[in-house]
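Notes follow once the structure below has been shown.
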Amino acid sequence: MTLTPLILLVCSNIFMTIAWYGHLKFTDARLWIVILASWGIALVEYCFAVPANRIGYLHGWTAGQLKITQEIVTLVVFALFAVFVLGEHLGWRHLGAFACMVGAACFMFVGKS
């Protein structure tokens, strides 16, 4: 199984997290400017997400495996962003939610050769 989809999904989620949550650092900016900036950043995100899913699917990943992998990557990227950019603290609930997602991923990949 190639790691290319995973690497592309990480890149995709970095851009999407910035698009969705980066504006929280700039609450004085006008909303319409934030929306336009977020759309511009999201366009870059799509340039990584679409190839990630296409390449993964062509290398034998199922749509379900791609989706659950994307969700786990999203949680990891968001957790790092929340801590290092927004200055938030993570607790036991975050760890529990992450463990559940990893468990879900395991179910999606069980029996897949």
Side-chain angles (χ1 to χ4, degrees):
M1 191 178 293
T2 180
L3 290 179
T4 303
L6 182 60
I7 294 166
L8 291 171
L9 286 173
V10 169
C11 294
S12 164
N13 276 278
I14 289 169
F15 281 100
M16 187 49 78
T17 300
I18 292 169
W20 283 8
Y21 301 101
H23 64 88
L24 298 177
K25 293 290 283 188
F26 307 100
T27 55
D28 292 340
R30 294 187 179 270
L31 186 56
W32 70 270
I33 293 173
V34 169
I35 291 169
L36 290 177
S38 292
W39 271 92
I41 296 167
L43 175 63
V44 177
E45 181 268 341
Y46 273 77
C47 292
F48 287 104
V50 171
N53 288 306
R54 174 71 61 94
I55 293 167
Y57 196 75
L58 292 174
H59 279 89
W61 294 42
T62 67
Q65 289 171 330
L66 288 163
K67 180 60 181 169
I68 198 69
T69 301
Q70 184 270 331
E71 294 298 338
I72 291 170
V73 170
T74 297
L75 284 177
V76 171
V77 169
F78 177 77
L80 293 170
F81 184 87
V83 169
F84 293 109
V85 176
L86 299 178
E88 297 184 3
H89 300 282
L90 301 181
W92 66 269
R93 291 178 298 127
H94 299 92
L95 182 61
F98 183 71
C100 289
M101 290 297 292
V102 170
C106 290
F107 279 110
M108 289 302 292
F109 284 91
V110 167
K112 179 78 174 162
S113 56

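The first residue in the sequence is number 1, and the count goes up from there.
Between Leu90 and Leu95 there is no side-chain heavy-atom pair separated by less than 4.5 Å. By the 4.5 Å heavy-atom criterion applied to side chains, Phe98 and Val76 are counted as neighbours.
The heavy-atom pair separating Thr2 from His59 by the smallest distance is CG2-CG, 3.5 Å. Minimum interatomic distance between His89 and His94 (heavy atoms only, all atoms of both residues): O-CE1, 4.0 Å. Counting all heavy atoms, side chain and backbone alike, Ala104 lies closest to Ile68 at CB-CD1, 3.8 Å. Residues Gly56 and Leu66 share a closest heavy-atom pair of CA-CD2, 4.0 Å. Residue Ala42 comes nearest to Ala19 through the heavy atom pair N-CB, 4.0 Å, listed as atom of the first residue, atom of the second, then distance.
How far CG of Leu80 is from CD1 of Ile14: 9.0 Å, rounded to the nearest 0.5 Å. Atom CG of Leu86 sits about 10.0 Å away from atom OG1 of Thr17, to the nearest 0.5 Å. Once rounded to the nearest 0.5 Å, the distance linking SG of Cys11 with CG of Leu6 reads 10.0 Å. Summarising the geometry, atom CD1 belonging to Ile33 is positioned 13.5 Å from atom NE2 belonging to His23; distances are rounded to the nearest 0.5 Å. Put simply, CG on Leu8 and CG on Asn13 are 11.0 Å apart, with the number rounded to the nearest 0.5 Å. With rounding to the nearest 0.5 angstrom, the NZ atom of Lys67 is 7.0 Å from the OG1 atom of Thr74.
Note: the hydrophobic cluster containing Leu75 also contains Phe84 (ILVMFWY, side chain heavy atoms under 4.5 Å, direct or indirect links). Hydrophobic clustering, with ILVMFWY side chains joined whenever heavy atoms are under 4.5 angstrom apart, keeps Val10 apart from Leu43. Note on Trp39: it clusters hydrophobically with Leu31, by side-chain heavy-atom contacts below 4.5 Å among ILVMFWY residues. Under the 4.5 Å side-chain heavy-atom criterion for Ile, Leu, Val, Met, Phe, Trp and Tyr, Leu58 and Leu3 are members of distinct hydrophobic clusters. Linking Ile, Leu, Val, Met, Phe, Trp and Tyr whenever their side-chain heavy atoms come within less than 4.5 Å puts Tyr21 and Val77 in one cluster.
In this model, no donor atom of one side chain and acceptor atom of the other lie less than 3.5 Å apart for Gln65 and Thr69.
The aromatic rings of Phe15 and Phe48 lie parallel to each other, their planes meeting at an angle below 30°, with 60° marking the opposite boundary.
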